[in-house]
**Student:** 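Let me give you the structure first, and then I'll get to my questions.
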Amino acid sequence: MENDGNASLNKGAWSADEDTTLAQYVAHHGPKRWKTVAIKSGLNRCGKSCRLRWLNYLRPDVKRGNFSDAEEDLILRLHRLIGNRWSLIAKRIPGRTDNEIKNYWNAHLRKKAKLMEKLPAISIAAMKENLWSEEASCGTEIQETEDIGGGNEDGDDDESFDVSAPGLNWVKSFLELEEDV
DNA sequence: AAATGCGCCAACCGCGTGCGC
DNA sequence: AGCGCACGCGGTTGGCGCATT
């Protein structure tokens with residue numbers, strides 16, 4: 001197992017200097033062999049910590065700050081579809097990391113999702129309509145799915161979900177892969 | 001103004017998986 | 001086939017800042 005447990009290693013928040021060191025090292029050598037990165041860069045950190053810092057913060061394409069409405073809606077819908085598969089959800093939202101999405105879910109969306117579950121079926125259709133029109137107008141770069149099918153309001157009848165909808169091939173193949181195992 | 005509570009986010013931890021030897 | 005290393009994932013925790021009393 002990867003157990004970088006070493007009492008002498010730095011832990012906790014990263015300093016600006018550490019960030020710079022790590023970013024420079026990765027820029028020269030690439031984001032791989034994190035244990036080597038940790039040692040050769042001179043950072044007194046474990047490889048795991050370096051990897052996480054790079055992925056969640058230092059990567060040039062990582063988008064930080066507020067989630068747009070479209071991103072939020074997408075997270076809600078994807079979570080309803082596939083559950084706590086944060087990395088999968090993150091792959092569908094450019095610039096967002098699994099950790100960030102997970103945090104955002106726990107901080108903001110969990111309550112919201114619960115609330116929505118309690119609402120009568122009103123308005124899944126109405127919500128969807130809203131959703132699409134908002135997304136059409138906000139012009140995000142989200143790799144949007146075109147339709148999420150329907151139903152599944154109570155959150156535990158996944159098999160009734162229509163993953164054959166356009167744009168959901170990835171979900172379909174994902175589910176098929178899961179079934180194969 | 002001080003104390004306390006709460007929410008949010010960054011980071012850590014443990015475990016599973018993939019891959020090379 | 002078995003082993004060890006490296007990576008990736010999801011759950012959890014710690015600390016900071018803001019709001020409330």
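Heavy atoms only: backbone and side chains are in, while hydrogens, waters and symmetry mates are out. So you know, we letter chains A, B, ... as the sequences are listed, proteins then strands, and number each from 1. All of these numbers come straight from a predicted model, not from anything done at the bench.
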**Student:** Grab the NE2-C1' distance between A:H108 and B:dC8 for me, whole Å please.
**Tutor:** 7 Å

**Student:** Measure up the A:W86 and A:W105 rings against each other and bin them: parallel (under 30°), tilted (30 to 60°), perpendicular (over 60°).
**Tutor:** tilted

**Student:** Contact class for A:K32 vs. all strands (heavy atom < 4.0 Å): base, sugar-phosphate, or nothing?
**Tutor:** sugar-phosphate

**Student:** With sugar-phosphate meaning primed atoms plus P, OP1 and OP2, does A:R53 contact a base, only sugar-phosphate, or nothing at under 4.0 Å between heavy atoms?
**Tutor:** sugar-phosphate

**Student:** Answer yes or no: does a side-chain N or O of A:R64 lie under 4.0 Å from OP1 or OP2 of B:dA10?
**Tutor:** yes

**Student:** Is there a donor in the side chain of A:E71 and an acceptor in the side chain of A:Y104, or the other way round, less than 3.5 Å apart?
**Tutor:** no

**Student:** Under 4.0 angstrom, heavy atoms only, what part of the nucleic acid is A:N84 near: base, sugar-phosphate, or nothing?
**Tutor:** sugar-phosphate

**Student:** Check if the side chain of A:K48 and the base of B:dG14 share a donor-acceptor pair of N or O atoms closer than 3.5 Å.
**Tutor:** yes

**Student:** Return the value, rounded to whole Å, for the distance between atom CZ of A:R51 and atom C1' of B:dA10.
**Tutor:** 15 Å

**Student:** According to a strict under-4.0 Å criterion, is A:S49 in side-chain N/O contact with OP1 or OP2 of B:dC12?
**Tutor:** yes

**Student:** Among B:dC9, C:dG8, C:dA6, which nucleotide sits nearest the side chain of A:A107?
**Tutor:** B:dC9

**Student:** Quick one: A:E72 CD to B:dC8 P, roughly how many Å, whole number?
**Tutor:** 12 Å

**Student:** Given C:dG11, B:dA10, C:dG8, which nucleotide is nearest the side-chain atoms of A:W86?
**Tutor:** C:dG11

**Student:** Would you say A:S87 reaches C:dG8's phosphate, i.e. side-chain N/O to OP1/OP2 under 4.0 Å?
**Tutor:** no

**Student:** Between A:W34 (CH2) and C:dC9 (P), how many Å, whole number?
**Tutor:** 14 Å

**Student:** Taking only the side-chain heavy atoms of A:R45 (C-beta and beyond), determine which of B:dC9, B:dC12, C:dG10 contains the nearest atom.
**Tutor:** B:dC12

**Student:** Donor-acceptor pair, distance only, cut-off 3.5 Å: does the side chain of A:H29 make one with the backbone of A:Y25?
**Tutor:** yes

**Student:** Measure the distance from NZ on A:K102 to P on B:dC8 and round it to the nearest whole Å.
**Tutor:** 16 Å

**Student:** How close or far is atom P of B:dC19 from atom CZ of A:R33, stated in whole angstroms?
**Tutor:** 14 Å

**Student:** Can you measure A:I89 atom CD1 to C:dC9 atom P for me and round it to whole angstrom units?
**Tutor:** 12 Å

**Student:** Would you kindly give the CG-to-P distance between A:N103 and C:dG14, to the nearest whole Å?
**Tutor:** 15 Å

**Student:** Select base, sugar-phosphate, or nothing to describe what A:N99 touches, counting heavy atoms under 4.0 Å on all strands.
**Tutor:** base

**Student:** Assess A:R45 against A:W14: is NZ or CZ under 6.0 Å from the centre of the six-membered ring, and within 45 degrees of the ring's axis?
**Tutor:** yes

**Student:** With no hydrogens and no angle check, is any side-chain donor or acceptor of A:R92 less than 3.5 Å from a backbone partner on A:I75?
**Tutor:** no

